[in-house]
2 protein chains.
Amino acid sequence: MKGIRQLAEHLNISIGTVSRALNGKPDVNQETRRRVLAAAEELGYVANQSGRSLRQGETKVIGLMIESSKETVENADNFFLGVTSGLQSVFARHKLDLLMLPCPSDEDPHEYLKRMVARRIVDAMIISDTQRVDRRIDFLSRAKIPFVALGRSLSASNFPWIDLDFEGVADHAVERLIALGHRRIAITAPSSEANLGYLFIDSYRRALERHDIAFDPSLVIRVRSSEQGGYQAAHELLLLEERPTAVILIYELMAIGLYRRLMESGVMPGRDLAVIGFRDAPRARFLQPSLSCFRISLYDLGVALGRMLLANMPAYRDFYPGGERNIIWPLELMPGESDAFDVGAMV
Amino acid sequence: MKGIRQLAEHLNISIGTVSRALNGKPDVNQETRRRVLAAAEELGYVANQSGRSLRQGETKVIGLMIESSKETVENADNFFLGVTSGLQSVFARHKLDLLMLPCPSDEDPHEYLKRMVARRIVDAMIISDTQRVDRRIDFLSRAKIPFVALGRSLSASNFPWIDLDFEGVADHAVERLIALGHRRIAITAPSSEANLGYLFIDSYRRALERHDIAFDPSLVIRVRSSEQGGYQAAHELLLLEERPTAVILIYELMAIGLYRRLMESGVMPGRDLAVIGFRDAPRARFLQPSLSCFRISLYDLGVALGRMLLANMPAYRDFYPGGERNIIWPLELMPGESDAFDVGAMV
DNA sequence: CCTACAGTCGTAAACGTTTACGGAGTGCGT
DNA sequence: ACGCACTCCGTAAACGTTTACGACTGTAGG
C-alpha cells in the first residue's frame with residue numbers, strides 16, 4: 001500500500017473523495033465512506049504524516065524535552081513517566097500524541113531544541129529543567145511555538161510554567177522540625193548554581209529567622225542530589241563541630257546514601273537525627289525507618305501541564321478557558337518514622 | 001522566515017541552488033555557498049522536515065518505544081536514560097536523532113506502534129519490553145521497518161534482539177550461594193506470565209539440580225518487581241515453614257522493601273538471610289548492608305543496540321559489518337555485604 | 001419547463017523540499 | 001572558427017496529502 005492514490009484507484013473513486021471520507025468530512029455519501037474505510041482497513045492504509053503535515057502545517061504531536069545529563073541519569077526515577085501519563089490523558093482527548101525528546105548530554109539544550117523545532121516534528125513543546133537564565137524560553141517565545149515550562153526561570157517575565165513549591169516545602173519542613181523541638185537544622189542544596197534551588201534555601205532561612213534562629217551557612221550542605229550525594233552529605237554532617245539534630249533533603253533518593261553513612265557511624269536516623277525528604281514518597285516509605293517525605297501527585301501535575309499547554313494553543317484554547325498562566329505546585333507531607341521523635345527528650 | 005523560496009528570493013538565486021548549497025552538494029560555487037549559508041544563519045532558516053522527508057522518504061529519526069504500564073512507572077529507574085545515552089552516541093555519528101515514544105498505559109502497544117510507524121515520523125524502531133508472543137515483531141517485519149528488540153520473544157524465529165542474560169545471572173547466583181554453603185535458596189519471579197522471566201526460574205532450577213538439590217516450588221515467590229513486591233516477598237518468605245537461608249531478587253529495587261520487612265521481624269539481611277540482586281548496582285551499593293548485585297553497563301548496551309539497528313538499515317549497513325543478530329547481554333557481579341557470610345557458621 | 005438547492009463527487013492547486021536534466025558561460029586545444 | 005569539457009545554475013517534476021471550487025445529478029417548488 002503506497003498512498004491515497006492507490007487506494008483511490010482500487011476503489012475507482014477520486015483521491016479527493018477518499019481523503020474526505022477518511023477525515024470525516026460531511027459531503028460524502030454514507031455508503032462511499034463505508035467502502036473507503038473498509039478498504040483502508042483491509043489494505044492497511046494510513047495517511048503519510050509528512051504529506052499531511054506539509055499540507056496542513058501541523059503534526060498533532062507534542063514534544064516533551066528531557067535532558068540526560070549525568071545528574072539526571074543518576075537520579076532517574078518515575079518523575080517523567082508519571083507526568084507523562086497525566087499529559088497523555090489530556091492529549092488523548094484531542095488525538096494528540098506525546099513524544100519525548102531526550103537531549104544528548106554533550107549537546108547544548110538550546111541547539112538541540114532549535115533543531116527539533118525546526119524539523120516541525122512537533123506542534124508544541126514542554127521543556128523541563130529550566131535554568132535560571134534559559135535561552136530556550138526566549139527562542140520559543142520569539143518563534144511563536146506554544147510551550148510550557150516545568151520549572152521557573154528568570155529569563156522572561158511572562159511565560160507559562162508550573163514549578164514545584166520549593167519554598168512551601170522548606171517552610172513546612174522547618175516549621176515541623178521546630179515544633180518537634182529542633183533548633184539546629186541542616187539542609188541540602190543542589191551543587192549547581194544554575195537552577196533555582198536557592199529558593200529552597202532562602203525559604204529555609206526565612207523560616208528559621210521567623211523563629212529567631214540565626215542562619216548558619218555551615219548547615220547548608222551542597223552535594224549532588226543522588227545516593228552518593230546523600231552519603232556525602234551525611235559524611236559532612238558528621239564532621240560538624242556542633243552536630244545538627246535534623247536534616248532536610250532536597251531529594252528523597254539521597255536518603256539511601258545518607259542512612260547508610262549514618263549507620264556506619266552508629267547514628268540512627270529517626271532517633272539520633274531527624275530526616276525529612278522532598279519530591280516523592282513511594283520509595284521513601286520502604287526505607288527503614290520510613291522517610292517523612294513531601295509527595296507530588298505526578299499524574300495531576302501532568303494533567304495540569306497538559307491543560308496549560310493546550311490553553312496556549314489557538315486550536316485548543318477554547319477547551320481550557322480561564323486557566324492560570326503560572327502554577328506553584330503544592331506538595332503534601334507524608335509523615336514517616338524518620339522524624340517522629342521529640343528532640344526535647346534527646347539532649 | 002517562511003521557506004527556502006523566500007531565502008532564494010532574498011539572495012536572488014534560484015531555489016535549487018540554495019538547496020544544493022545547504023545540503024553540501026558539489027556543483028555549487030564556493031562563494032555562492034558561503035553567501036547562502038550566511039543568509040540562512042542570519043535569517044534563521046532551517047529546512048522544513050515535512051517537506052524534506054516527503055521528498056526523500058526518510059526522516060533521520062529513530063524511535064525508541066517505551067511502555068508506561070503501572071509496573072514500569074513504579075519501577076522506573078535509570079535504565080532507559082542510560083541506554084539512551086549509548087544509543088545517541090552511535091546515532092550522532094550519522095546525524096540521526098532519537099525519539100522516545102511512550103505508549104499510554106491504556107492503549108494496546110501494537111496499535112500504538114502501528115499509528116506511530118504509519119506517521120512515518122521515524123525511519124526505524126527500537127522496541128522494548130517484548131512479550132512472549134508480541135505482534136509488534138511480525139508487524140515490523142512485514143512492514144519492512146528496520147528494528148531491534150530489547151528482549152527476546154518467541155514470536156518470530158529470526159529477528160534482531162539483545163536481551164539480558166537472565167539465565168547466566170540465575171546460574172551464577174545459585175552457584176555462588178551454594179559455594180557459601182546455602183542449600184535452601186528462594187527466588188523471586190515476575191508475577192506476570194507474559195514475558196520471559198521464566199527463563200530465570202528454569203536456569204535457577206537447573207543450577208540447583210546440578211547440585212542435587214530438589215526444586216521446591218514454594219521457594220519461587222511471585223510478586224511485583226517493586227519495593228512493594230520486595231516487602232511482600234519478604235513477608236511470604238518469613239511465613240515458610242522451613243525458612244530459606246538465601247534469596248535471589250529479580251530486581252534490585254525490591255531489596256528496599258525486602259530489607260524493611262525483614263528488619264521488622266528482626267531478621268538481618270546479610271547475617272540471617274543472604275540477599276543477591278539483579279539488574280543494576282549503583283543504587284544497591286547504598287543500601288545497608290550493601291546489596292550484592294549483578295550490574296549492567298547501560299551505556300554499552302545502548303551502543304550495542306544502536307549498532308545492531310544500523311546494521312539492519314540499508315543506508316548504514318556498510319558501517320557495521322559482521323555484527324551478530326542476537327546478543328545475550330552479560331552482567332557482572334558486584335559483591336556486596338548482603339551475602340557475604342558463610343551459612344555454615346549459622347546453623 | 002425553469003430555477004434553486006442539496007447532496008456527491010472530481011479536478012487541480014498548494015504545502016516545502018530535493019534532484020534529474022539541461023542550458024549558459026568559460027577556457028582550452030585543434 | 002569550432003568542438004569539447006567543465007563549472008555553475010535555473011527549471012520543473014515529484015513526494016502524499018488536504019481542500020477550495022465547480023460540476024453533475026436528482027428533486028422540489030414556482
Side-chain angles (χ1 to χ4, degrees), chain A residues 1-37 39-40 43-61 95 115-123 143 315, chain B residues 1-37 39-40 43-61 95 115-123 143 315:
Chain A
M1 175 50 37
K2 292 295 300 304
I4 202 177
R5 182 150 281 124
Q6 282 69 23
L7 184 57
E9 282 173 10
H10 176 261
L11 286 164
N12 278 332
I13 293 185
S14 90
I15 153 182
T17 304
V18 173
S19 173
R20 278 191 297 267
L22 290 173
N23 292 37
K25 292 297 160 66
D27 52 348
V28 41
N29 186 295
Q30 279 298 326
E31 170 61 11
T32 314
R33 189 191 304 277
R34 201 195 49 71
R35 283 180 55 220
V36 171
L37 291 177
L43 303 186
Y45 167 82
V46 294
N48 177 314
Q49 181 68 17
S50 300
R52 168 179 273 170
S53 64
L54 178 57
R55 168 68 214 225
Q56 323 199 100
E58 61 172 15
T59 64
K60 300 279 185 190
V61 170
K95 297 201 180 302
R115 201 170 74 231
M116 286 316 199
V117 164
R119 293 191 139 173
R120 302 275 148 67
I121 231 173
V122 299
D123 290 341
Chain B
M1 177 49 36
K2 292 295 297 304
I4 200 176
R5 184 151 279 123
Q6 281 69 24
L7 184 56
E9 282 174 10
H10 176 261
L11 286 164
N12 279 330
I13 292 185
S14 92
I15 156 182
T17 304
V18 173
S19 174
R20 278 191 297 267
L22 290 172
N23 292 37
K25 292 297 159 69
D27 52 349
V28 41
N29 186 294
Q30 278 300 325
E31 170 60 12
T32 313
R33 187 191 305 276
R34 200 194 51 70
R35 282 179 56 219
V36 172
L37 291 177
L43 303 186
Y45 167 83
V46 294
N48 178 313
Q49 182 67 17
S50 300
R52 167 177 273 170
S53 67
L54 177 58
R55 167 67 214 225
Q56 327 200 96
E58 61 172 15
T59 65
K60 299 281 184 188
V61 170
K95 296 200 180 303
R115 202 170 74 231
M116 286 315 196
V117 163
R119 293 191 140 175
R120 302 275 148 68
I121 228 173
V122 298
D123 291 341

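Below, each value reflects all heavy atoms present in this structure, side chains not excepted, and no hydrogens, waters or symmetry copies. Naming convention: chains lettered A, B, ... in sequence-line order (proteins, then strands); numbering from 1 in each chain.
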Task: Short side-chain N/O contact from A/Ser14 to OP1 or OP2 of C/dG10, under 4.0 Å - done: yes
Open item on the list: Just N and O in the side chain of A/Thr32: are any of them under 4.0 Å from OP1 or OP2 of C/dT8?
Closed with: no
Task: Whichever of B/Ile13 and A/Thr17 has its nearest DNA chain D nucleotide further upstream toward 5' - done: B/Ile13
Task: Toward the 5' end of DNA chain D, by each residue's nearest nucleotide, A/Leu54 or B/Asn12 - done: B/Asn12
Task: Student check: side-chain heavy atoms of B/Ile13 and B/Arg35 closer than 4.5 Å - done: yes
TODO: Can you tell me the distance, in whole Å, between the CZ atom of A/Arg33 and the C1' atom of C/dC9?
DONE: 13 Å
Open item on the list: How many whole angstroms separate atom CZ of A/Arg35 from atom P of C/dT8?
Closed with: 15 Å
So how far is it from [X] [atom1] to [Y] [atom2], rounded to the nearest 0.5 Å?
{"X": "A/Arg115", "Y": "B/Lys95", "atom1": "CZ", "atom2": "NZ", "value": "8.5 Å"}
{"X": "A/Glu9", "Y": "A/Ser14", "atom1": "CD", "atom2": "OG", "value": "11.5 Å"}
{"X": "A/Gln6", "Y": "A/Leu11", "atom1": "CD", "atom2": "CG", "value": "12.0 Å"}
{"X": "B/Leu54", "Y": "B/Arg120", "atom1": "CG", "atom2": "CZ", "value": "11.0 Å"}

- [ ] Taking all non-hydrogen atoms of both residues into account, name the closest pair between B/Ala39 and B/Leu7 and its distance.
- [x] CB-CD1, 3.9 Å
Contacts table for residues 19-29 of chain A: side-chain donor-acceptor under 3.5 angstrom, sequence neighbours left out:
from: A/Arg20; atom 1: NH2; to: A/Thr17; atom 2: OG1; distance (Å): 3.4
from: A/Asn29; atom 1: OD1; to: A/Glu31; atom 2: N; distance (Å): 2.7

TODO: Just call it for A/Ser19: base, sugar-phosphate, or nothing, with non-hydrogen atoms closer than 4.0 Å on any strand.
DONE: base
Open item on the list: Using a 4.0 Å cut-off to any heavy atom of chain B, which nucleotides of DNA chain D are the first and last in contact, reading 5' to 3'?
Closed with: D/dC8 to D/dG16
- [ ] Mind grabbing the angle between the end helix axes of the helix from C/dC1-D/dG30 to C/dT30-D/dA1? Five pairs an end, 10° rounding.
- [x] 70°
TODO: Mind listing the residues from residues 20-31 of chain A sitting with a heavy atom below 4.0 Å of DNA chain C? Number order is fine.
DONE: A/Arg20, A/Asp27, A/Val28, A/Asn29
Task: Under the side-chain contact (heavy atoms from CB on, under 4.5 Å) test, residues paired with A/Thr59 that sit two or more places apart - done: A/Gln49, A/Ser53, A/Val61, A/Asp123
- [ ] For B/Arg55, check side-chain contact (heavy atoms from CB on, under 4.5 Å) against everything at least two apart and list the hits.
- [x] none
- [ ] State which residues pass salt bridge (charged side-chain N to carboxylate O under 4.0 Å, His left out) with B/Glu58; sequence neighbours excluded, sorted by chain then number.
- [x] B/Lys60
